[in-house]
Amino acid sequence: MVLELEKRLGRSLRAILKQKYDLEVANIPLETPPDLRLGEIATPIAFELARKLRKAPKIIAQEIVTALGEVEGFAHFEVAGAGYINARLDRAAAVRMMGWVQSGLPHAKGHALVEHTSINPNKAAHIGHLRNAILGDTFVRLLRAAGYKVDVQNYIDNTGVQVADVVVGFLHLERKSPVEIRTLIADSTKLAAGPEGYDAAIDYYCWDLYARTSQWYEQGTADEKAARKKLRLDTLHLIERGGNETAEIADLISIAVLRRHLETMLRLGIEYDFLPRESEILHLKFWDAAFEKLKKSGVLYFENEGKNKGCWVMTRPGAPTQPIQDDNGLKGTDDDAKVIVRSNGTVTYVGKDIAYHLWKFGLLGRDFGYKRFFQYPDHECWISAEAGEKEHPHFGDASAIYNVIDSRQSDPQANVVQALRGMGYAEQADHYTHFSYEMVALTPRCAIELGYEVVEEDRGRAYIEVSGRKGFGVKADDLIDKLIAATRAEVDARQTGGTGENADAERHKIARQIAIGALRYFMLKYTRNSVIAFDFKDALSFEGETGPYIQYAVVRIRNIFRKGGTSPEAALAELAELEPGRIAQFLSGEENDDIWALWLRAGRSSMVLEQCISGSEPAYLAKHAFQLAQEFANFYHRHHILTEEDPARKTLLLATAAITLRELVASLALLGIESPEAM
RNA sequence: GCGCCCGUAGCUCAGCUGGAUAGAGCGACUGACUACGAAUCAGUAGGUCGGGAGUUCGAAUCUCUCCGGGCGCACCA
């Protein structure tokens with residue numbers, strides 16, 4: 001609602017500036033006044049024009065207000081302060097505008113591809129991965145709500161060193177045979193379903209084994225260390241090549257761990273459409289196709305001199321585009337260039353990534369094979385395969401891509417974009433978004449609480465980085481379990497869900513909804529480039545700026561309708577029957593500002609959604625939902641709806657609750673948070 | 001050395017493309033349950049927006065510089 005009105009006002013203002021002063025202003029700055037008493041929308045445009053027109057801002061503002069006359073949806077305009085133009089909305093009209101079911105189907109905006117999670121399939125997911133997956137999943141929901149067709153991908157590096165390390169651990173540290181490994185995986189799946197829970201699961205097993213193997217590389221004599229490092233490299237090469245027993249073991253492990261990751265993420269309502277794997281990128285020769293294009297476009301050149309002699313390299317972003325020349329005009333070498341093909345002929349990570357991203361945009365001329373892998377309640381998740389199923393959906397060919405990858409990888413990401421641009425794909429490069437975010441770290445207190453040794457040097461720090469290699473971190477499933485236990489205790493204390501036959505199932509469901517709400521909100525309330533210093537005290541909090549606070553507002557509204565024997569739909573239908581004059585009466589005056597504030601906030605949702613997408617920042621919506629809930633709590637305490645004697649006013653109050661409910665539930669859903677029936 | 005990010009209340013963080021008296025949560029202290037359930041609300045205290053200079057009618061926001069912290073700068077992935 002506010003978005004539409006702002007656009008309308010912007011158009012009117014632009015027309016006036018053109019007609020009156022012959023000025024073309026592309027973007028009229030519009031803002032929210034600090035106080036409702038100053039109106040709902042304001043513009044400081046007169047300040048900007050003061051110099052150009054050589055007139056006082058106040059006079060310009062007055063001229064514009066006079067020229068504006070009447071604009072539909074607005075009550076009136078006024079000049080305030082040193083030259084602000086403040087707009088006051090026609091409150092009754094705004095309310096009636098929102099009361100109708102307006103949203104409709106958003107128009108098609110294009111095909112977006114979001115890649116997130118992408119955990120190395122060699123250990124359990126931890127809180128850092130949760131932030132990635134929750135950010136990515138939420139952004140997917142936002143894009144879909146805005147009208148994009150979205151494919152969700154989870155890239156699986158099943159042939160990298162991390163998987164190799166676990167394979168080395170199984171084969172050489174534990175000296176397990178392939179048969180034993182197979183049995184272990186099968187058994188762990190059964191055990192994890194029983195009382196032992198996730199502690200018995202394969203990803204937990206690998207968590208410890210990976211840490212032990214990493215340590216093992218560093219132990220022993222110099223000769224032993226060298227031998228172990230060689231073992232690691234040989235294992236990696238066997239896995240990359242494929243078609244051997246080591247590669248089969250690696251595949252077994254990575255598939256089993258991957259399934260666990262999908263299960264963990266499903267607990268949070270996170271689903272994927274496609275799982276492209278590195279093994280297929282290698283075996284289907286994506287690189288060969290990319291290499292030809294890179295050479296042809298001149299992005300890659302062969303280095304004959306300097307430290308990168310014998311490599312195919314590319315110029316880094318920001319570096320001079322032409323090879324460096326010395327004082328004598330002789331072409332020198334760019335030692336700072338990025339190596340893409342090593343002197344031994346193998347491709348680096350960035351090289352493979354360029355090929356993969358050409359595929360994402362449909363520019364590679366090759367495709368994956370596709371196999372069914374994981375069944376969700378309402379759709380299938382596919383995985384890449386060398387020889388896939390005949391019938392399969394098609395992925396790739398996106399017009400915009402979003403890579404949810406932590407900020408430490410911004411350099412390689414920039415290299416890939418640079419390569420695309422260099423190949424002439426400027427349009428694609430412009431729609432390539434590195435959706436970067438900062439890591440989740442542990443506070444020293446939290447680390448000590450978990451029983452980790454914290455060296456003196458780290459105790460004074462604000463946070464300590466999580467490390468899979470060291471086995472240092474909080475596992476995702478452990479955290480979820482802990483949250484559910486805590487919410488269940490609260491639910492039991494309140495006897496939410498009653499004491500009847502189905503009480504246990506009901507309470508479990510509610511506890512789960514609240515726990516997930518708390519976790520997702522916790523990961524979304526911080527803006528992307530803020531490091532989260534994780535602490536159980538904050539993550540297990542259900543009060544204040546948290547998911548449960550917002551869910552509680554929803555439950556309260558539902559209780560009102562339940563006790564009042566009516567429904568939100570009925571309340572809005574009744575509102576439509578009310579004459580505008582009465583609505584205006586109930587919304588005018590400062591004593592009713594809190595009611596109007598709720599409508600206004602609720603009416604900002606689509607604007608917030610747009611901001612979230614243009615800024616790639618889900619935190620704006622998290623904040624918005626909280627503020628809406630907060631304003632409702634305020635309203636709730638000030639007005640007792642069900643005992644309101646004036647039926648017309650009661651209708652308006654009920655409609656206010658109905659609109660708030662609609663927007664809260666919708667906002668929570670976009671954040672991936674369910675709205676419980678009771679709590 | 002080069003690049004990116006950060007520094008706002010005791011703590012954790014918002015502050016949108018520069019705009020009107022800098023906000024929230026937590027913590028502290030006062031109060032409010034016979035109510036549409038207090039996972040709530042009202043109130044109080046608490047900030048030279050890291051320091052300095054500049055641009056501007058106007059700077060937490062833009063530029064420069066300094067200080068302090070984090071992360072990247074592989075023929076690793």
Side-chain angles (χ1 to χ4, degrees), chain A residues 27 29 31-35 38 42-44 47-48 50-51 56-57 80-84 86 120 157 159-164 236 278 307-313 316-318 336 338-350 352-353 406-412 414 436 438-439 441 461-463 465 487 490-491 493-494 496 514 518 525-527 529-533 535 537-538 541-546 548-549 551-553 555-564 607-608 611 614-615 617 619-620 623 626-627 630 633-634 636-643 657 678-679:
Chain A
N27 278 314
E31 55 189 61
T32 307
D35 195 290
L38 297 169
T43 177
F47 296 109
E48 254 177 68
R51 164 165 297 193
Y84 284 96
N86 290 340
N120 278 304
D157 183 6
T159 54
V161 273
Q162 296 216 28
V163 169
L236 175 64
E278 186 173 68
K307 76 176 177 76
N308 295 330
K309 186 176 176 182
C311 299
W312 287 88
V313 302
R316 286 181 196 270
D336 195 39
K338 175 71 197 165
V339 172
I340 301 300
V341 181
R342 303 181 186 105
S343 54
N344 67 4
T346 57
V347 198
T348 61
Y349 161 70
V350 171
K352 284 181 271 189
D353 222 23
D406 80 78
S407 61
R408 286 172 293 192
Q409 296 212 45
S410 61
D411 275 5
S436 78
E438 278 290 345
M439 61 182 170
R461 291 172 182 266
Y463 51 82
E465 190 179 347
T487 50
E490 295 284 331
V491 166
R494 284 157 228 258
T496 308
I514 297 169
K525 70 192 268 195
Y526 301 94
T527 48
N529 53 13
S530 163
V531 176
I532 298 181
D535 200 314
K537 181 174 75 68
D538 297 330
S541 163
F542 309 131
E543 290 167 13
E545 196 185 342
T546 64
Y549 176 98
Q551 291 172 316
Y552 188 60
V555 167
R556 279 178 150 178
I557 298 173
R558 288 187 168 154
N559 283 344
I560 293 171
F561 285 104
R562 203 170 290 139
K563 291 247 163 121
M607 205 162 73
V608 173
Q611 286 167 352
S614 65
E617 185 51 272
Y620 298 150
K623 198 61 131 190
F626 172 68
Q627 285 171 335
Q630 200 175 34
N634 183 298
Y636 178 89
H637 278 269
R638 262 213 269 221
H639 309 279
H640 200 272
I641 300 172
L642 294 179
T643 56
M679 64 188 281

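Values below: all heavy atoms of this structure, side chains included; hydrogens, waters and symmetry mates excluded. Every chain is numbered from 1, with letters handed out A, B, ... down the list of sequences.
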Taking only side-chain N and O atoms of [X], does any of them lie within less than 4.0 angstrom of OP1 or OP2 on [N]?
{"X": "Arg494(A)", "N": "rA39(B)", "result": "yes"}
{"X": "Arg556(A)", "N": "rA38(B)", "result": "yes"}
{"X": "Arg461(A)", "N": "rG70(B)", "result": "yes"}
{"X": "Gln630(A)", "N": "rG25(B)", "result": "yes"}
{"X": "Asn634(A)", "N": "rA42(B)", "result": "yes"}
{"X": "Asn529(A)", "N": "rC6(B)", "result": "yes"}
{"X": "Tyr349(A)", "N": "rA77(B)", "result": "no"}
{"X": "Tyr636(A)", "N": "rA38(B)", "result": "yes"}
{"X": "Asn308(A)", "N": "rC75(B)", "result": "yes"}
{"X": "Arg342(A)", "N": "rA77(B)", "result": "yes"}
{"X": "Asn559(A)", "N": "rG37(B)", "result": "yes"}

List every contact pair, protein side and nucleotides 9-13 of chain B side both N or O, where the distance is under 3.5 Å.
{"from": "rC13(B)", "atom 1": "OP1", "to": "Val531(A)", "atom 2": "O", "distance (Å)": "3.0"}

Considering every strand and a 4.0 Å limit on heavy-atom distances, what is the contact class for [X]: base, sugar-phosphate, or nothing?
{"X": "Asp535(A)", "value": "nothing"}
{"X": "Glu31(A)", "value": "base"}
{"X": "Glu543(A)", "value": "sugar-phosphate"}
{"X": "Ala50(A)", "value": "nothing"}
{"X": "Ile340(A)", "value": "nothing"}
{"X": "Tyr549(A)", "value": "sugar-phosphate"}
{"X": "Ala42(A)", "value": "base"}
{"X": "Val491(A)", "value": "base"}

Nearest heavy-atom contact between Tyr349(A) and Pro412(A) is CE2-CB, 4.1 Å

Would you mind telling me which of [options] lies closest to the side-chain atoms of [X]?
{"X": "Tyr463(A)", "options": "rC41(B), rC75(B), rG70(B)", "value": "rG70(B)"}
{"X": "Lys352(A)", "options": "rC73(B), rA20(B), rA77(B)", "value": "rA77(B)"}
{"X": "Asp157(A)", "options": "rA20(B), rA77(B), rC75(B)", "value": "rA77(B)"}
{"X": "Lys563(A)", "options": "rC41(B), rC57(B), rC36(B)", "value": "rC36(B)"}
{"X": "Pro34(A)", "options": "rU21(B), rA39(B), rC36(B)", "value": "rU21(B)"}
{"X": "Arg316(A)", "options": "rA39(B), rA77(B), rC73(B)", "value": "rC73(B)"}

May I ask you to decide if Leu38(A)'s main-chain N or O and Asn86(A)'s side chain share a donor-acceptor pair within less than 3.5 Å? yes

Checking the side chain of Thr348(A) only, and the main-chain atoms of Ile340(A) only, is there a donor and an acceptor separated by less than 3.5 Å? yes

Nearest whole Å is fine: how far is [N] [atom2] from [X] [atom1]?
{"X": "His637(A)", "N": "rG31(B)", "atom1": "NE2", "atom2": "C1'", "answer": "14 Å"}
{"X": "Phe47(A)", "N": "rA59(B)", "atom1": "CZ", "atom2": "P", "answer": "13 Å"}
{"X": "Gln627(A)", "N": "rG23(B)", "atom1": "CD", "atom2": "P", "answer": "13 Å"}

- Quick one: the side chain of Ser407(A) and the base of rC5(B), do they pair up donor-acceptor inside 3.5 Å? no

hbond_proxy Asn86(A) side chain to rA20(B) base (donor-acceptor, 3.5 Å cutoff) | yes

Base-pair string, RNA chain B, Watson-Crick plus G-U, cut-off 3.5 Å on both distances, | for inter-strand, is (((((.(..((((.....[...)))).(((((.......))))).....(((((..]....)))))).)))))....

Q: Go through Met679(A) and Arg494(A) one step at a time and tell me if the side-chain contact (heavy atoms from CB on, under 4.5 Å) criterion holds.
A: CA-CA 8 Å; Met679(A) 64 188 281; Arg494(A) 284 157 228 258; over 6 Å; no

Classified by glycosidic angle (syn within 90° of 0, else anti), rC67(B) comes out anti

Ionic contact status for Arg408(A) with Glu438(A), cut-off 4.0 Å:
no

Between the side chains of Asn559(A) and Arg562(A), is a donor N or O closer than 3.5 angstrom to an acceptor N or O?
-> yes

Report task. Check step by step if side-chain contact (heavy atoms from CB on, under 4.5 Å) holds for Asp157(A) and Gln162(A). Result -> CA-CA 9 Å; Asp157(A) 183 6; Gln162(A) 296 216 28; over 6 Å; no

